[in-house]
Structures are given as structure tokens and as C-alpha cells.
Amino acid sequence: MSAETAVTARTKPPARRVAMHVLLITLAVGMLYPLLWMLVSSLRENENIFTSAGLALTDATLANYVRGWDAQQNSFAIYFRNSFIVTGSVIMGNLIACSLTAFAFARMRFRLKALFMGIMLVTIMLPEHVTIVPQYILFSELGWLNTFLPLTVPKFFATDPFFIFLMVQFMRGIPRDIDEAASIDGCGPFQIYWRIMLPLVVPALATTAIFSFIWTWNDFFRPLVFLTDNDLFTVPLAIRLFVDLGGTDWGALFAMSVLSLVPIFIFFVFGQRYLIRGIATTGLK
Amino acid sequence: MSSLTEEKRRMPTPTLRPPSTPHSRRRRALAPYLFLSPWLIGLLVFVMGPMAASLYLSMTDYNFLQDPNFIGLDNFVRMFTSDPRYLSSVVVTATYVLVSVPLQLIFALALAMLLDRAIAGIAIYRAVFYLPSLIGTSVAVAVLWRTVFGSDGLVNGALGALGIDTTHSWVGNPDTALMTIIALNVWTFGSPMIIFLAGLRQIPRSYYEAAEVDGAGRVRRFLSITIPLLTPIVFFNFILQTIYAFQAFVPAYIVSNGQGGPADSTLFYTLYLYQQGFANFDMGYASAMAWVLLVVIAAITGINFVLSRYWVFYADGDR
């Protein structure tokens, strides 16, 4: 950071520049402090966790990770596998279904377009609590309770309208000449969608994939409602067990909490640019 | 000469396209609906159908085991007349929305303004301030919060370092438990901050330069240029964060072991709905609660849209 500061210091009085960075760094450290403390605590011996609010790590140990990994009924390997199965399917479903819908909205003409578009936008604001009880009954009738199906199947039917909206916005920015030319060359609508539009909206697809991952990975409410069999638990449900059992193994709890955030950090680091763009255009959380 | 005729031959003319028959026209008219069919099916099966069912269930005593009995508006009457826990969940949620959303937006705007200039490493700062937004609803962070505000957590440690000795558990005390969850929501100001930043970037620098030449000070420029030009963004953020805040669930669930305690001080609306629907299996009542939530969110959003006419300023004069 200091090297970059030196470079831009040319333009304004250095004192003000430095003061600005001191302020921002202080705020940033304050923001991240709880997370850093959790990371450090996960590496401390249990009896030392609450003795210091500082971040100094004198006796780093991985014991919490070893103990935490097998602390629940199943190994965390199972919970991670479950979470990856669910998030992987959700990403696939959202990419396919939302892009098809968005293509129709952005590029095709049909009579009910305005009406459908309006419905789609309104459903963005719909709280999931309004549909969760009847969905529970529906999935119970179908025999889908205690399977991953309630968490994944609806996504193949474009039930995350945010992503449709995101892709429509994106597709509208692509010049119409391109698909008109393709149409004159004899491409049907599906070919235009598949061979021309999708490659051009890769940033929107990436944004959708990253947000799908993070939301699904973090999701607690739906797995809590639809899954009761421990073998099928996702990572958030497994972490909640530590809390529910009222245990005091804080080290193990923090260790698994840190691990549960690792995939999100990875997606965050690689997808930051897409995430920021997605938020700026649609207000996604 | 030959190349020219070749050129001519390759030029596509409209008449070369297959003649449009009634059959192919029908197929083209059908194509949009084919593309939309997954969404349409999903809308019917997972959204509209369940909404209709939920509206019906809200007027029944359905408990998942026995067939529903139609009881009219009894569930709604019960909510407002004989269910003190429901009323406390309304108060908790209203307090949360009213306090945390404005605070969150103030932080978001303040940080966006700090970052809206050529600063070295702005991408890093932006990422750091945004990060909590991404993980704020995760169980891991809720667990962290529970510990940080616990009796020997980080907050008391920090106060101890300042010479204020306290063994008070912030999450265990009904007076402060809700405040800790409000703090969590304020901490996730990153996503409105990004939207503010995008909005600030749209304001032409020349406005500020002209105002400066006219002798307008910092405060004056903020009040007369930044705020009016940013009102559409403030409005957008306000609507979105309000809708999200009404639906907060995870922190309340984790901080209170799913109970909403201590003394119902963190009994959020959605948490009580979950308890009624999926712990007590009083699904008729839970459906009624969900509909009240939907109506309240829709009403507040609608009122905000109406009020926005008086304070949201669109540069092109469009309303």
C-alpha cells in the first residue's frame, strides 16, 4: 500500500493523502477485526481463546481443525460434499433457466411480454416465506423431503428472478445487428441464443454463477426446513449443531466456521470484479 | 470482372430466404414461449400455485397432519388480539428495520464518498468494505457475532482494554441483544456502498468545479449537488435494504438457538413464522403471518414510491 501511496502523492499534498489512507486503513481493520480474530482464535488452544482480544498468535496449532473436522455425527467431508452437490446443481440450473428466460425477454417479440416482464420484476421482491409452507407440503407430497431436490429443482425453472433481470440488462447492451445478421444467415432463435448471445454475455453468466454459489453456500433457511437427515446436512446446518448442542469447544467451532467461509473467499477473490458490477446494476446483496 | 460477379452472387437478397409459410410463422410465434417455458412452469408450480395455496391455508387451521378446516380470518384476529409473542415479533422487526437500515445507509454513503476519489488502492478498500456484505447472512458470522458479544467476547475484551470492566453478555441481555443484530446488519453496508459509489461516479465533476468557483463550500456542495443528484440511488438502496431487513433470519436464529430470546428480544418476524410453521406445525397460522409480511412489505414499498415524488430528483425531469 505504501508504494502506491507514494506514486499518487504527487497530485495532492502528501499529508492529506496519508491522513486519508490512515483513516481508511483504520476503518478497514475495524471492519475485518472480528473475522481476523475468528481466524486467530481457530488457531489458538481452547483455553487461550478468550484470554486475549488481540491478534497475537504465540502458540499456533491446527488441533482445533483436526478435532472440529470429526466433532459432529458425520465428518465435515460429508457436509462439504453435500454443500458442493447442492451449490453445483443450483449454479447449473440458474445458468440454463435464467439465460433462456432472459433471452426471450431481451431479444424476442411476443404479445404478453410486458405482462410477463412485470410479473418477473414483482417476484424479485417476493419474500420466500410466502411460498415456503405450500412448497413444503408440495415437496412432502412428492416424497422429496430429506433430499436435495427441493433445494435444486426449482432453480432449473428460473425461480431466482434477480438473475433473469441481471441477464436481461446485459443482453440489452449487445447490439441488435449481431443477431439480425445471424438471423439473415439462417440461424434459428436457439442457435442465436446458444452460439451468439451466450458467448457475449459471459460476464453476466459469471456474475450469476458467483452469486448463486455464495447465496446457496450461505443458505440456512431452506436446508433447515427441508433437510432433517444428518447425512444430508449442508455445512451451515452442521455448524449450527455446535451451537445447538451447547458445547464449549469454541476452537473447533471457529475452525469449522473458518473453513466454511473459505470457498466464499475464493469466489470473492476471483469474482470480485463481477460481483461489484452485478451489485452496481441490480442491487444484489 | 469475374470477382465482381462473384461478389454479386454472394450478396444475400431477401428473396433468397425461405418463403414464410403459415407453418413457419406459427413456429416463430411459438419460439418465445418455448424459451420462457421453464420460467413459466416454475412460476406456476413454485410461486403462483404456492401463493394461492398459502392464501387459502392462511384461512385454515392446517397443521400438516389433519386436513385443513376453513376458519376465515381467525388466524389474523388471533395475531393481533391474543398472541403477545406475535406482537413482540412485530416490534422487534420494526425496531430492527427502522434503526438498522438508516444507519447502514449512512455508513454506506459516508464510505462511498470517502472512496469516490482517485485514491491508490481503491479496489482493495472497496473489496474490504464490501466483504462483510457477502458473508453477513452466513451461519459462521452469526456464530462469530454470538461470541464477540458474549460475556467474555471481543467487545468486552476491548472495553476492558479501555479500562471499562464488564462481564455483561450483550447477546444474553434483553436490553442489548437486538442491538448486536442491528450492529451486524450495519456492518454489512458494503453492497449499498457499491451502489452509492456507482451513483457518485455519474455526477459530472464540472458541477463541483463550477460550484467551487462560485464559492460554495464543502457542505454546500454536498447539500446542493451530491444529495439531490444521488436521491434516485438513495431511494433504490432504501427500498432494497428495507425489503431485505424485513426478512432477516439467520443471526436471530443462531444468536438465540432458534428461540428468539432472551425474553423474545430477538424474536424476529421470520423466526416466529418459522417456529409456528415448522416447529409447532401450525402452518395455517404461519401462512397468515407470511401474508401479513407480504402486504406490509408491498405497502411500505408502495408508500415509498408515492413519497419519492416529493424528494427523489431525476435529472432528466422524468418521474
Side-chain angles (χ1 to χ4, degrees), chain A residues 1 4-5 7-8 11 20 24 28 31-32 34 37-38 50 52-53 97 100-101 103-104 108 110 116 119 123 125-127 129-131 133-135 137-138 154 156-159 164 184 189 193 214 218 220-221 225 236 239-240 243-244 250 253 257 260-261 264 268 272 276 279-280 283 285, chain B residues 12 31-33 35-36 38-39 41-42 46-47 50-51 53-54 57 114 118-121 125 127-129 131-135 137-140 143-144 147-148 152 154 157-158 161 191 194-195 198 236 240 243-244 247 249-250 254 257 270 273 277-278 283 286-287 290-291 293-294 297 301:
Chain A
M1 202 80 75
E4 287 174 9
T5 317
V7 171
T8 45
T11 50
M20 174 64 84
L24 285 172
M31 288 283 285
L32 293 188
W37 182 77
M38 176 163 75
F50 292 111
S52 160
L100 284 169
T101 314
F103 181 74
M108 303 177 101
F110 51 97
F116 283 174
I119 293 174
T123 54
M125 299 191 194
L126 191 71
H129 311 89
V130 181
T131 53
V133 166
Q135 279 191 14
I137 298 163
L138 171 72
F156 285 86
F157 294 92
T159 46
I164 304 177
I184 288 169
Y193 156 79
I214 291 170
N218 275 340
F220 177 66
F221 186 62
V225 169
I239 288 181
R240 164 233 175 186
V243 184
D244 266 18
W250 292 105
L253 172 57
S257 294
S260 81
L261 293 177
I264 296 181
F268 174 68
Q272 211 228 106
I276 290 197
I279 294 181
K285 253 279 189 194
Chain B
Y33 297 98
F35 276 83
L36 286 178
W39 173 72
I41 294 168
F46 299 117
V47 184
M51 280 180 77
S54 157
L57 288 174
L114 278 182
I119 299 177
Y125 288 123
V128 166
F129 291 123
L131 178 66
S133 285
L134 268 192
I135 56 172
T137 59
S138 69
V139 168
V143 164
L144 172 66
T147 329
V148 162
D152 41 21
L154 200 51
S191 87
I194 301 282
I195 302 172
F236 180 73
L240 272 183
I243 291 173
Y244 289 138
Q247 300 174 56
F249 176 78
V250 176
I254 297 295
N257 278 350
T270 53
L273 190 155
F278 298 100
M283 291 185 158
S287 300
W291 272 91
L293 177 67
L294 176 64
I297 290 180
T301 308

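All chains are named by letter (A, B, ...) in the order of the sequence lines, taking the proteins before the strands, and each is independently numbered beginning at 1.
The part of B/Ile297 that comes within reach of chain A is its side chain, from C-beta onward, which places non-hydrogen atoms under 4.5 angstrom from that chain. Using a 4.5 Å cut-off between heavy atoms, A/Ile279 contacts chain B through both its backbone and its side chain. With a threshold of 4.5 angstrom between heavy atoms, B/Leu293 approaches chain A through side-chain atoms but not through N, CA, C or O. Using a 4.5 Å cut-off between heavy atoms, A/Thr123 contacts chain B through its side chain alone, with no backbone atom that close. Only the side chain of A/Ile214 comes within less than 4.5 Å of a heavy atom of chain B; its backbone N, CA, C and O stay farther away. Residue contact with chain A, scored on non-hydrogen atoms closer than 4.5 Å, involves the side chain of B/Phe249 exclusively. For a residue to count as touching a neighbouring chain, one of its non-hydrogen atoms must lie under 4.5 Å from one of that chain's; by this rule A/Leu138 touches chain B with the side chain only. Contacts between B/Ile243 and chain A at a heavy-atom distance below 4.5 Å involve the side chain alone, from C-beta outward. For a residue to count as touching a neighbouring chain, one of its non-hydrogen atoms must lie under 4.5 Å from one of that chain's; by this rule B/Phe129 touches chain A with backbone and side chain alike.
Taking A/Tyr193 as the reference, A/Ser99 meet the side chain to side chain donor-acceptor pair (under 3.5 Å) condition, with sequence neighbours excluded. For A/Trp37, there are no side chain to side chain donor-acceptor pair (under 3.5 Å) partners, not counting sequence neighbours.
Looking only at heavy-atom pairs under 4.5 Å with chain B, the residue among A/Ser260, A/Pro127, A/Pro236 that has the most is A/Pro127. Of the listed residues (B/Pro32, B/Gly157, B/Ala31, B/Ala198), the one with the most heavy-atom contacts under 4.5 Å to chain A is B/Pro32. If you tally non-hydrogen atom pairs under 4.5 Å between each of B/Leu154, B/Ile194, B/Ile195, B/Thr301 and chain A, the highest count goes to B/Leu154. Per-residue heavy-atom pair counts under 4.5 Å with chain A were compared for B/Trp39, B/Tyr244, B/Tyr33, B/Phe236, and the maximum is reached by B/Trp39. Among B/Ile41, B/Leu131, B/Ile135, the residue with the largest count of heavy-atom pairs under 4.5 Å with chain A is B/Leu131. Counting heavy-atom pairs closer than 4.5 Å to chain B, the top residue among A/Ile164, A/Val225, A/Ile239 is A/Val225.
Residue A/Leu261 holds its CG atom at 5.0 Å from OG of B/Ser138, rounded to the nearest 0.5 Å. Distance check: A/Ile137 CD1 to B/Met283 CE gives 5.5 Å after rounding to the nearest 0.5 Å. We find the CZ-CG distance between A/Arg240 and B/Asn257 to be 9.0 Å, quoted to the nearest 0.5 Å. Interatomic distance, A/Phe221 CZ to B/Thr137 OG1, rounded to the nearest 0.5 Å: 13.5 Å.
The nearest pair of heavy atoms linking A/Met31 to B/Pro132 is CE-CG, 3.5 Å. Here the closest non-hydrogen pair linking A/Pro134 and B/Ala53 is CB-CB, 3.8 Å. B/Pro38 and A/Leu100 make their closest contact through CG-CD1, 4.2 Å (heavy atoms, listed as atom of the first residue, atom of the second, distance). For B/Ala290 against A/His129, the heavy-atom pair with the smallest separation is CB-O, 3.4 Å. Scanning both residues, B/Ser287 and A/Val133, for their nearest heavy atoms gives OG-CG1, 3.7 Å. Among all heavy-atom pairs drawn from A/Asn218 and B/Leu134, the shortest one is ND2-O, 2.9 Å.
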- Task: Quick one: do A/Leu253 and B/Thr147 satisfy side-chain contact (heavy atoms from CB on, under 4.5 Å)? Show the steps, please.
- Result: CA-CA 11 Å; A/Leu253 172 57; B/Thr147 329; 5.5 Å; no
- Message: For a side-chain contact (heavy atoms from CB on, under 4.5 Å) check, start with the C-alpha distance between A/Met108 and B/Leu36, then their side-chain angles and the critical distance, and finish with the verdict.
- Response: CA-CA 11 Å; A/Met108 303 177 101; B/Leu36 286 178; over 6 Å; no
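The backbone N or O of B/Gly42 sits nowhere less than 3.5 Å from a side-chain atom of A/Thr159 that would complete a donor-acceptor pair.
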